[in-house]
Amino acid sequence: MRLATWNVNSIGARLPRLVEWLDLAKPDVLCLQETKCTDAAFPATAIKEAGYDVATNGDGAWNGVAVVSRVGLEDVTRGLDDQPPFPADAATPEARAITATCDGIRVCSVYVPNGRDVGADHYTYKLAWLAALQQTATRELATHDRYAVLGDFNIAPTDADVWDPAAFVGLTHVTEPERAAYRSMVALGLVDLEARPLKGDHPYTYWDYRAGAFHKGMGMRIDLVLASASLAATVTDAYVDRDARKGKGPSDHAPVVVDLD
DNA sequence: ATGCCTTATTTCATAAGA
């Protein structure tokens, strides 16, 4: 069983690279983030032709998540329990989470809010959203022994997860409240399946498009796979497919791939 | 061993990403 997660930064712009990657990596289940399209506009036919079913939660230009599977796709749930809206008076919550059961494994694809600036409304929202995620995960774990949350957490769990900690002082992604939220997920019994990098010492998953960040190794590990203990016990390999960050028209994130026995 | 931002929309400019 091969699980993967990938922030594709627009399914529309990335469809050729996605189809190519499905054929290359052959994941059984792939969680997508930042699809940036409505459910109606999602290119489900192209995904189907590649041999996969898909469940989506999209709200248009921004956000958007999906679960792609070739081993079944059941019991789909969109959003989180008591997910906070943004702005606070918004009628519907943002499309940032979708959960489904694939061959007995409960997977949750998440796109955690960015936070923008410490102290900003978006930052407060990010922490509230993470609290809702923790509550949802608690409930799911109570009934699903094999459970994993995969996606773009927009949190670097430790200073080792950014290319230069000094460059991030005072910025989001590395603050103590964000890291505490990450640790609260781990405290539920979820194991951070840190992948091996295909090159270098750090399994970064994101590199800014600007200033040649990828080529200079200026990356961050912010895309995570948090798996229940029973799933974690079956891991045979985990890697960041940095090759997917190369070439023409890449996402700014690389897929994280986990193999289970 | 990679190629020095990219995506979307209220598009020829701006907001957002992290």
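Heavy atoms only: backbone and side chains are in, while hydrogens, waters and symmetry mates are out. Sequence lines set the chain letters: A, B, ... in the order given, protein chains first and strands last, and positions in each chain run from 1. The shown structure was predicted, so the numbers you read here are calculated from the model rather than taken from an experiment.
Glu176(A) and Arg179(A) are not joined by a salt bridge, as no carboxylate oxygen comes within less than 4.0 angstrom of a charged side-chain nitrogen. Between Asp53(A) and Arg70(A) no salt bridge is recorded (no basic side-chain N to carboxylate O distance below 4.0 Å).
Here the closest non-hydrogen pair linking Pro250(A) and Lys246(A) is CB-O, 3.8 Å.
Nearest-nucleotide positions on DNA chain B place Lys248(A) closer to the 5' end than the other of Lys248(A) and Asp252(A). Where Lys36(A) and His215(A) each meet DNA chain B at their nearest nucleotide, the meeting point lying more 5' is that of His215(A).
Using bins of under 30°, 30° to 60° and over 60° for the plane-to-plane angle, the ring pair Tyr206(A)/His253(A) lands in the tilted bin.
Between Met218(A) atom CE and dG3(B) atom P there is a gap of 16 Å when expressed in whole angstrom units. Separating the CZ atom of Arg210(A) from the C1' atom of dA15(B) is a distance of 12 Å, rounded to the nearest angstrom. Computed from coordinates, the Arg245(A) CZ to dG3(B) P distance equals 9 Å when rounded to whole Å. Rounded to an integer number of Å, the gap from OH of Tyr123(A) to P of dA18(B) is 16 Å.
Clustering ILVMFWY residues whenever any of their side-chain heavy atoms sit less than 4.5 angstrom apart, transitively, puts Leu73(A) in the very cluster that holds Leu150(A).
For the pair Arg14(A) and dT7(B), the criterion of a side-chain N or O lying under 4.0 Å from OP1 or OP2 is met. Within the structure, every side-chain polar atom (N or O) of Asn9(A) is placed at least 4.0 Å from both OP1 and OP2 of dT6(B).
Residue contacts for His122(A): at a heavy-atom cut-off of 4.0 Å it reaches no nucleic acid atom on any strand shown. Using a 4.0 Å heavy-atom cutoff across all strands shown, Gly60(A) reaches no nucleic acid atom at all. Residue Tyr111(A) is classed as a sugar-phosphate contact, given heavy-atom separations below 4.0 Å to backbone atoms only. At the heavy-atom level, Asp152(A) lies under 4.0 Å from the strands shown only through sugar-phosphate atoms. Within the 4.0 angstrom heavy-atom criterion, no nucleotide atom of any strand lies near Phe168(A). Here Leu171(A) lies out of heavy-atom contact (under 4.0 Å) with every strand.
Comparing dG17(B), dT2(B), dT6(B) by their nearest atom to the side chain of Arg242(A) picks out dT2(B). Closest to the side chain of Ser10(A), out of dT9(B), dT7(B), dG3(B), is dT7(B). Which of dA16(B), dT6(B), dG3(B) sits closest to the side chain of Arg116(A) comes down to dA16(B).
To the nearest whole angstrom, the two P atoms, one in dT10(B) and one in dT6(B), are 23 Å apart.
Looking at Asn114(A), its side chain comes within 3.5 Å of the base of dA18(B) through a donor and an acceptor atom.
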